[in-house]
Amino acid sequence: MIVVIKPGTLTLEIERTCQELRSWNVIPEPIVGKHQVAIGLIGDTAALNPQQIQQLSPFIEKVIRVNKPYKRASLEFRHGEPSSVIVSTPNGLVTFGQNYPIVSIAGPCSVENEEMIVETAQLVKAAGAKFLRGGAYKPRTSPYAFQGHGAPALDLLATARQATGLGIVTEVMDTADLEKVAEVADIIQIGARNMQNFSLLKRVGAINKPVVLKRGLSATIEEWLMAAEYILAAGNPNVILCERGIRTFDRQYTRNTLDLTAVPVLRSLTHLPIMVDPSHGTGLAEYVPTMAKAAIVAGADSLMIEVHPNPKKALSDGSQSLSLQQYEEFMKQIAIIGQAVCRWPQEYPLSTVPLGSHRQLSTSSSANP
Ligand code: PEP
Ligand code: MN
C-alpha cells in the first residue's frame with residue numbers, strides 16, 4: 001500500500017504520519033520523489049482499509065493499494081518515478097537509470113589470463129565502456145567445460161580495474177564466495193541460472209553492493225520481479241534487471257530469444273533500471289549489433305556485450321563475442337542510435353559505417369556457447 005502525501009507537506013507532518021502508521025502494525029518507508037513524497041507500507045496490509053488510512057491526516061492526498069505480488073519493485077512503490085542505481089568506480093560515479101545516458105559494459109565471458117583481461121579492459125575503455133565484465137566463477141552446462149579460474153581470476157579483475165579505472169561486473173554463484181567477489185566487484189552479477197537461488201538473493205540483499213539480476217532462462221517477468229523483490233526486501237535497493245534472452249523453441253539459428261518486449265513491459269511495471277545483454281540473447285556475434293541497436297530504441301538503460309581479443313580461441317562463449325576491433329566499430333555504430341534517443345554520452349565518436357550494416361562486421365565461427 002502506498003500513502004501519497006500532498007505536495008509541500010512539512011517533514012514534521014510526514015514524520016507524524018509515519019508514527020501513526022506504525023501503530024497499525026506496518027513499517028512505513030518514505031519514498032522521496034522529485035515533486036512529492038509517498039510512504040510505502042510494508043507488512044500485512046491486506047486487512048487495512050485505505051479509507052481509514054486516508055482519514056489519518058489531512059496531509060494524505062490518496063492511498064493506493066498495490067495489487068501486484070512484488071511491492072518494492074513495483075512502479076507504484078516509487079509513485080511512478082524511475083529509480084537510479086549509482087555505482088562508484090575508480091573513474092567516478094556512474095548512474096544507471098531511465099533519465100541517464102546508456103551505460104556500456106563489455107568484456108570477455110571468462111577471465112582467462114592477465115594479458116587478455118588488461119588488453120580487453122584498455123580497449124573497451126577507449127571505445128566508451130564504463131565497466132569491464134568477466135567471469136571468475138562460470139555456470140557451465142557441462143561439468144567438464146571450463147569452470148572459470150575462480151579466486152585468481154578475481155585478482156586479475158582487480159589488476160584490470162587498477163590499470164584502467166573501469167568498474168568491475170562479475171558473477172557470484174555461491175554464497176560462500178560472496179565476500180571475496182564483493183571485494184573486487186563494483187556490481188555483482190546474479191546469473192540467469194541463479195535467478196531463483198533464494199539464499200543467494202537474500203545474501204546479496206543483505207550487502208549494499210549494486211546487483212545485476214539476469215533473467216532466468218525460462219523465467220516469466222513476474223518471477224523475475226519477485227526475484228528482484230527478494231534483494232530489495234533484504235535491504236539492498238541497488239538492483240538492475242538484465243534481459244539476456246529466454247528459452248524458446250528455436251535453437252537452430254539463435255541460442256536464445258532476446259525478449260525486447262520485456263523492456264517496455266518492465267517500464268510499465270517497475271522503477272528499476274533495465275540492462276540488455278544481446279550477446280547471450282542471440283548467441284551469435286553477427287546479430288549482436290542489430291539487437292543492441294534495437295535494445296536502445298526499446299529503452300534499455302545499459303548494454304552488456306561480450307568481447308574477446310580472439311573469439312575463436314575463447315574458453316567460453318566465443319561464438320557470441322565481438323573481437324576488440326569489432327567492439328570499437330560497434331560502439332561507433334550504436335552511438336548514432338544512442339544520440340538519436342538523446343541518451344549517449346557526448347564524448348564518443350560517430351560511425352562512418354551506415355546503419356543496419358551489422359554484416360560488415362566479420363565474425364568468429366567458433367561455437368562453444
Ligand atoms: C555470462 O554473463 O557470462 C553468463 C553466464 O550469463 P547468463 O547467466 O545470462 O547465462
Ligand atoms: Mn558468457
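These numbers come from a predicted model, not from an experiment. Atoms within a ligand are numbered from 1 in the order they appear, just like the ligands themselves.
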Report summary line: Restricting to heavy atoms, the pick from Ser316, Ser279, Ala192 nearest atom 8 (O) of ligand 1 would be Ala192
Query raised in the report: Mind checking whether Met304 has a heavy atom under 4.0 Å from ligand 1?
Result: no
Query raised in the report: Would you say ligand 1 has an N or O under 3.5 Å from any N or O of Lys138?
Result: yes
Query raised in the report: Taking atom types as modelled, is there a side-chain donor on Gln36 or Glu61 under 3.5 Å from an acceptor on the other?
Result: yes
Requested in this report: Would you mind naming the N, O or S atom of Asp317 nearest to the Mn ion (ligand 2)?
Outcome: OD2
Query raised in the report: For ligand 1, which atoms sit closer than 4.0 Å to a heavy atom of Gly191?
Result: 8 (O)
Report task. Please indicate whether Glu179 has more than 12 foreign heavy atoms, meaning atoms of other residues, nucleotides or ligands, lying under 6.0 Å from its CD. Result -> no
Query - Asp186/Lys209 ion pair, N-O < 4.0 Å - result: no
Report task. Return yes or no for this condition: an N or O of Asp277 is under 3.5 Å from an N or O of ligand 1. Result -> no
Query - Among Lys313, His149, His308, side-chain hydrogen bond (donor to acceptor under 3.5 Å, both in side chains) partner for Glu112 - result: His308
Query - Contact (N/O only, under 3.5 Å) between Cys109 and ligand 1 - result: no
Report summary line: His280 NE2 to Glu306 OE2 via the Mn ion (ligand 2), rounded to 10°, gives 90°
Query raised in the report: Heavy-atom count around Gln162 CD within 6.0 Å, excluding the residue itself: above 12?
Result: no
Report task. Could you check Glu243, Glu222, Glu223 and say which one makes a salt bridge (charged side-chain N to carboxylate O under 4.0 Å, His left out) with Arg215? Result -> Glu243
Query raised in the report: Do any nitrogen or oxygen atoms of Asp317 come within less than 3.5 Å of a nitrogen or oxygen of ligand 1?
Result: no
Query raised in the report: At a 4.0 Å threshold, what atoms of ligand 1 neighbour a non-hydrogen atom of Arg193?
Result: 7 (P), 8 (O), 10 (O)
Query raised in the report: Tell me: protein heavy atom nearest atom 4 (C) of ligand 1, and distance?
Result: His280 NE2, 3.4 Å
**Report entry** Top protein contact for atom 6 (O) of ligand 1, by heavy-atom distance
**Finding:** Lys214 NZ, 3.0 Å
Query raised in the report: For residues Glu81 and His271, is any side-chain donor paired with an opposing acceptor at under 3.5 Å?
Result: no
Query - Nearest protein heavy atom with distance in Å, relative to atom 2 (O) of ligand 1 - result: Arg133 NH1, 2.7 Å
Query raised in the report: Does ligand 1 have any atom sitting under 4.0 Å from a heavy atom of Gly135?
Result: no
Query raised in the report: For atom 9 (O) of ligand 1, what's the nearest protein heavy atom and its distance?
Result: Arg244 NE, 2.6 Å
Query - Polar side-chain atom of Asp317 near backbone of Glu306 as donor-acceptor pair, under 3.5 Å - result: no
Query raised in the report: Can you tell me if Arg133 uses its side chain to pair, donor with acceptor, with the backbone of Met304 under 3.5 Å?
Result: no
Show me the donor-acceptor pairs within less than 3.5 Å that the side chains of residues 90-102 make with the rest of the protein, sequence neighbours left out.
unit_1	atom_1	unit_2	atom_2	d
Asn91	ND2	Thr164	O	3.1
Asn91	ND2	Gly165	O	3.0

